[in-house]
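When a ligand or atom number is given, it counts from 1 through the structure's own listing order. This chain uses plain numbering: 1 for the first residue, then up along the sequence.
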Amino acid sequence: MPATSMQDLVALCKRRGFIFQGSEIYGGLQGIYDYGPMGVELKNNLKAAWWRAMVYERDDVEGLDASILTNRLVLRHSGHEATFVDPMVDCRKCKSRWRADQLKDGKCDKCGATDLTEPRPFNLMFKTTVGPVADDESFAYLRPETAQGIFTNFKNVLDATSRKLPFGIAQIGKAFRNEITPRNFIFRVREFEQMELEYFVMPGVDEQAHKDWVARRLAWWQEQGLTSNHLQLFHQPAEDLSHYSKATTDILYHFPHGVEELEGIANRTDFDLGSHSKKPEELGLSAHVLPNADSVTKLTYRDLDSNKDIVPFVIEPSAGVDRGVLAVLCEAYTEEAVGDSTRIVLKLKPHLAPIKAAVIPLARNKPELVDVAQQIKNSLQKLGLGRVLLENTGNIGKAYRRHDEIGTPLCITIDFETVEQSPASASVTVRNRDTMAQERVLVSELASYFQEFYSQT
Ligand code: ATP
């Protein structure tokens with residue numbers, strides 16, 4: 001059974017060091033979270049799995065790491081300044097503020113009153129100032145999506161790599177949105193990470209490419225352990241589409257708080273490359289916006305068949321890292337009856353597990369056990385499969401409980417037999433997280449056992 005209550009999950013995340021409230025000792029900051037020792041490993045593993053699938057395992061995608069601070073003109077030309085808004089209402093009774101489309105039956109979520117103001121647009125972008133003078137000229141935005149950094153670098157990447165269509169540019173990075181009502185733990189936050197691919201295609205093949213990417217992305221989430229009965233597709237109705245989209249299909253996940261978006265796959269057409277290639281007046285923007293309006297960079301592609309410059313269409317699979325971490329945790333969270341007690345175990349896919357193996361000396365104060373454990377840890381760590389932890393607490397029961405709760409697939413126990421046997425026959429106990437089965441494995445065969453285990457999962 002996956003987690004059915006967010007409270008259980010939030011408690012586990014705090015107790016075991018996955019996720020903490022940001023600025024917690026000063027009362028927190030709403031919609032901001034920090035990832036702890038286990039959280040950072042899980043998050044990095046999820047991002048690495050995405051990068052492997054989207055960049056390394058393909059031959060038509062390049063990577064990018066663009067800056068977060070963005071010239072305001074980028075977001076003016078992209079349409080975000082004018083349209084990246086949510087409808088905001090105030091409750092006249094208790095003075096709280098809400099996103100209008102998230103309220104049930106038009107009632108204030110706090111006091112239940114129906115006396116609300118008319119919805120008015122609220123722009124979600126964070127502003128800051130760049131340089132020592134804070135005036136109208138010096139403000140910049142924190143990017144609200146990583147995508148614009150990809151579009152504005154389209155020509156740079158094309159020139160540097162000589163790619164032919166179709167090809168993609170992938171990026172993982174922070175995005176910021178001043179959400180009116182952040183909620184549901186790390187589901188809706190103000191600072192988050194996105195994993196985005198912009199896949200450029202010839203106009204005309206965009207609809208097929210869109211369908212292909214939806215299928216690929218759905219399959220990828222299943223490879224991260226999300227079961228098909230907790231995933232569903234949602235084709236956004238025309239009236240809900242973002243300003244840049246011709247069609248968007250969302251991948252929804254059955255979170256404990258409801259069935260909600262995990263990833264959106266949009267057909268952004270030639271909107272963004274086109275908008276950045278146009279003069280301000282062509283977009284209805286005031287002429288002073290671009291100081292050097294004649295030098296607009298044309299973000300086009302030379303089609304050698306027609307010998308014309310064209311603006312490619314783009315398909316964008318855009319996934320939230322934090323929502324991905326939440327979905328993977330919800331899916332993995334399991335409570336099992338073992339004898340008279342309940343075991344909490346995170347049945348994470350092994351490639352996502354924060355700790356790949358814990359090496360545990362049976363007793364703490366026995367240097368001979370700790371020495372062997374340290375050597376085993378070092379040799380497994382060198383295999384490069386992720387973090388291997390020497391767990392020198394001396395309490396094997398507690399160590400197993402902890403490693404079940406953080407989802408460590410293998411625990412390796414070093415006991416007196418291990419050190420008393422001759423090196424050729426020395427063995428350890430390996431315990432499997434999911435089955436709790438224990439088996440003796442020769443120390444000399446441990447590295448290949450470990451590699452074999454991770455190559456199958
Ligand atoms: P929503 O409708 O839930 O506000 P959205 O449709 O605005 O999301 P997109 O602009 O499509 O989201 O962003 C792509 C992905 O980025 C989303 O599928 C989600 O995983 C993630 N994301 C967007 N906003 C947030 C947020 N405030 N907190 C966490 N993740 C987010």
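For ligand 1, the atoms lying closer than 4.0 Å to a non-hydrogen atom of G264 are 18 (O). Of all the atoms in ligand 1, the ones that sit under 4.0 Å from a non-hydrogen atom of E263 are 18 (O).
Both cation-pi conditions hold for R431 and Y400: the charged atom is under 6.0 angstrom from the six-membered ring centre and inside a 45 degree cone around its axis. A cation-pi arrangement is absent between R177 and F192, since the terminal nitrogen or guanidinium carbon is not both under 6.0 Å from the aromatic centre and inside a 45° cone about the axis.
Nearest protein heavy-atom contact of atom 21 (C) of ligand 1 is G320 CA, 3.8 Å. Here the protein heavy atom with the shortest distance to atom 13 (O) of ligand 1 is Q194 NE2, 3.4 Å. Protein heavy atom nearest atom 30 (N) of ligand 1, with residue, atom name and distance: R323 NE, 3.4 Å. Protein heavy atom closest to atom 28 (N) of ligand 1, with residue, atom name and distance, is V189 N, 3.0 Å. Here the protein heavy atom with the shortest distance to atom 22 (N) of ligand 1 is F192 CE1, 3.5 Å. Regarding atom 29 (C) of ligand 1, its nearest protein heavy-atom neighbour is F187 O, 3.1 Å. Protein heavy atom closest to atom 14 (C) of ligand 1, with residue, atom name and distance, is S318 OG, 3.0 Å.
Using a cut-off of 4.0 Å between Lys/Arg side-chain N and Asp/Glu carboxylate O, E145 and R268 are scored as salt-bridged. Under 4.0 Å is where a charged nitrogen must lie from a carboxylate oxygen, and between K298 and D309 no such pair does.
Not one N or O of A319 is nearer than 3.5 Å to an N or O of ligand 1, by distance alone.
For the pair I265/P317, a side-chain contact is recorded, criterion being any heavy-atom separation below 4.5 Å from C-beta on.
Contact annotation for L262 and ligand 1: only backbone heavy atoms (N, CA, C, O) come within less than 4.0 Å of the ligand. When non-hydrogen atoms are compared, ligand 1 lies under 4.0 Å from neither the backbone nor the side chain of D322.
Applying the 6.0 Å contact sphere to CG of D101 captures more than 12 heavy atoms from other residues, nucleotides or ligands. Heavy atoms from other residues, nucleotides or ligands lying under 6.0 Å from CZ of F139 number more than 12.
For atom 9 (P) of ligand 1, the candidate residues are E316, R183, R177; the nearest heavy-atom contact is made by R177. For the residues E261, E145, R188, Q236, the heavy atom positioned nearest atom 3 (O) of ligand 1 is part of R188.
Taking the six-membered ring where the residue is Trp, the centroids of F200 and Y301 are separated by 6.0 Å or more.
Rounded to the nearest 0.5 angstrom, K308 NZ and R302 CZ are separated by 10.0 Å.
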